[in-house]
Trainee: 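Let me give you the structure first, and then I'll get to my questions.
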Amino acid sequence: MDTPQPSAQDELGTIIAGAAKQPLLDAAYELWRQRYRLDTIAGHPTAEEVLINRALTPEQFGAKYRRERDHAHEGPMFGHVKRAHPRADDEAIRQAIITAVKFEDAYNKHFDWNGDFWDCVVRAVAQAARKYPDYLGTTYRDARNDLAYYMK
């Protein structure tokens with residue numbers, strides 16, 4: 001028997017509802033770490049966007065990637081976080097998104113292949129946590145898991 005797949009809106013609603021249970025800063029990070037899934041649900045990248053991305057030089061793609069990160073608080077991520085925390089001040093939402101991106105950048109920057117893999121992951125997130133101490137323990141756990149996944 002085939003199990004019906006949830007609709008895109010149902011899946012988006014489930015992700016947003018999960019983030020809504022967390023404080024604003026942690027919700028912004030949770031949604032940021034799921035940005036690729038959120039983009040897929042929204043139908044991005046489109047076939048045309050894929051063709052454009054494939055035509056970019058590595059330098060152009062890097063610049064596009066940095067711009068998207070630098071302006072994440074102005075794009076769809078703002079709407080996702082606002083949906084999770086509708087009563088939050090718009091500037092607080094923007095700052096939470098900026099902080100989430102910088103936190104991710106920090107633990108990626110601190111990752112160093114020097115020793116046991118998991119110890120390297122834990123050390124990198126711990127170093128980033130010193131600069132970004134206001135997250136819940138579960139968020140640091142999720143950051144360690146994400147870093148391990150992407151660095152494997």
Trainee: Please report the shortest heavy-atom distance between H85 and Q22, naming the atom on each side.
Mentor: NE2-O, 2.8 Å
Trainee: Return the minimal non-hydrogen interatomic distance between G43 and T46, and the atom names on each side.
Mentor: O-CG2, 3.5 Å
Trainee: How long is the straight-line distance from CG of L12 back to CD of Q34, given to the nearest 0.5 Å?
Mentor: 10.0 Å
Trainee: Quick one: NE2 on H110 to CG on D105, what's the gap to the nearest 0.5 Å?
Mentor: 10.5 Å
Trainee: Are V101 and Y107 connected, step by step, through hydrophobic side chains (Ile, Leu, Val, Met, Phe, Trp, Tyr) whose heavy atoms are closer than 4.5 Å?
Mentor: no
Trainee: Between I97 and E74, is the side-chain contact (heavy atoms from CB on, under 4.5 Å) condition met? List the steps.
Mentor: CA-CA 9 Å; I97 295 166; E74 299 168 351; over 6 Å; no
Trainee: Where do Y140 and F103 land on the ring-ring contact (aromatic ring centres under 6.0 Å, His included) test, with the steps shown first?
Mentor: CA-CA 10 Å; Y140 296 120; F103 172 56; 5.8 Å; yes
Trainee: Does CD belonging to E91 count more than 12 external heavy atoms closer than 6.0 Å?
Mentor: yes
Trainee: Tell me, with the steps shown, if K102 and K131 meet side-chain contact (heavy atoms from CB on, under 4.5 Å).
Mentor: CA-CA 10 Å; K102 288 181 177 182; K131 186 170 181 181; over 6 Å; no
Trainee: Heavy-atom distance under 4.5 Å between the side chains of R37 and E11, does that happen here?
Mentor: yes
Trainee: Going from CD1 on I52 to CZ on R54, what distance comes out if it is rounded to the nearest 0.5 angstrom?
Mentor: 12.0 Å
Trainee: What are the two closest heavy atoms between P45 and V50, and how far apart are they?
Mentor: CG-CG2, 3.7 Å
Trainee: Quick one: does any side-chain atom of Q95 pair with a main-chain N or O of A92 as donor and acceptor, under 3.5 Å?
Mentor: no
Trainee: Is R35 salt-bridged to E68, cutoff N-O under 4.0 Å?
Mentor: no
Trainee: Is there a path from I15 to L24 through hydrophobic residues (I, L, V, M, F, W, Y) whose side chains come within less than 4.5 Å of each other?
Mentor: yes
Trainee: Any side-chain to backbone donor/acceptor pair from K21 onto A27? Under 3.5 Å, distance only.
Mentor: no
Trainee: Just by distance, do the side chain of R69 and the backbone of Y65 share a donor-acceptor pair under 3.5 Å?
Mentor: no
Trainee: Return the CZ to NZ distance between R87 and K82, rounded to the nearest 0.5 Å.
Mentor: 10.5 Å
Trainee: What's the separation between atom OG1 in T139 and atom CD in E30, rounded to the nearest 0.5 Å?
Mentor: 7.5 Å
Trainee: Should L25 and I98 be regarded as members of a common hydrophobic cluster, given that ILVMFWY residues are connected when their side-chain heavy atoms come within less than 4.5 Å of each other, either directly or indirectly?
Mentor: no
Trainee: Tell me the closest heavy-atom pair linking A128 and A106, and the distance in Å.
Mentor: CB-CB, 3.7 Å
Trainee: Give me the atom names and distance for the closest heavy-atom approach of L38 to M77.
Mentor: CD1-CE, 4.3 Å
Trainee: Would you check, one step at a time, whether the test side-chain contact (heavy atoms from CB on, under 4.5 Å) holds for T138 with D26?
Mentor: CA-CA 9 Å; T138 53; D26 298 271; 5.5 Å; no
Trainee: Give every donor-acceptor pair under 3.5 Å between a side-chain atom in residues 113-126 and any protein atom, sequence neighbours left out.
Mentor:
| from | atom 1 | to | atom 2 | distance (Å) |
| --- | --- | --- | --- | --- |
| D116 | OD2 | W118 | N | 3.2 |
| D116 | OD2 | D119 | N | 3.1 |
| R123 | NH2 | N114 | O | 3.1 |

Trainee: In Å, rounded to the nearest 0.5 Å, how long is the span from CZ of F78 to CZ of R83?
Mentor: 14.0 Å
Trainee: If you apply the rule side-chain contact (heavy atoms from CB on, under 4.5 Å), what do you find for L136 with Y29, and how did you get there?
Mentor: CA-CA 11 Å; L136 297 174; Y29 175 75; over 6 Å; no
Trainee: Contact between E48 and L51 at the side-chain level, heavy atoms closer than 4.5 Å - yes or no?
Mentor: no
Trainee: Can you list, pair by pair, the side-chain donor-acceptor contacts under 3.5 Å of residues 145-152, counting residues two or more places apart and other chains?
Mentor:
| from | atom 1 | to | atom 2 | distance (Å) |
| --- | --- | --- | --- | --- |
| D146 | OD1 | R33 | NH2 | 3.3 |
| D146 | OD2 | R33 | NE | 2.8 |

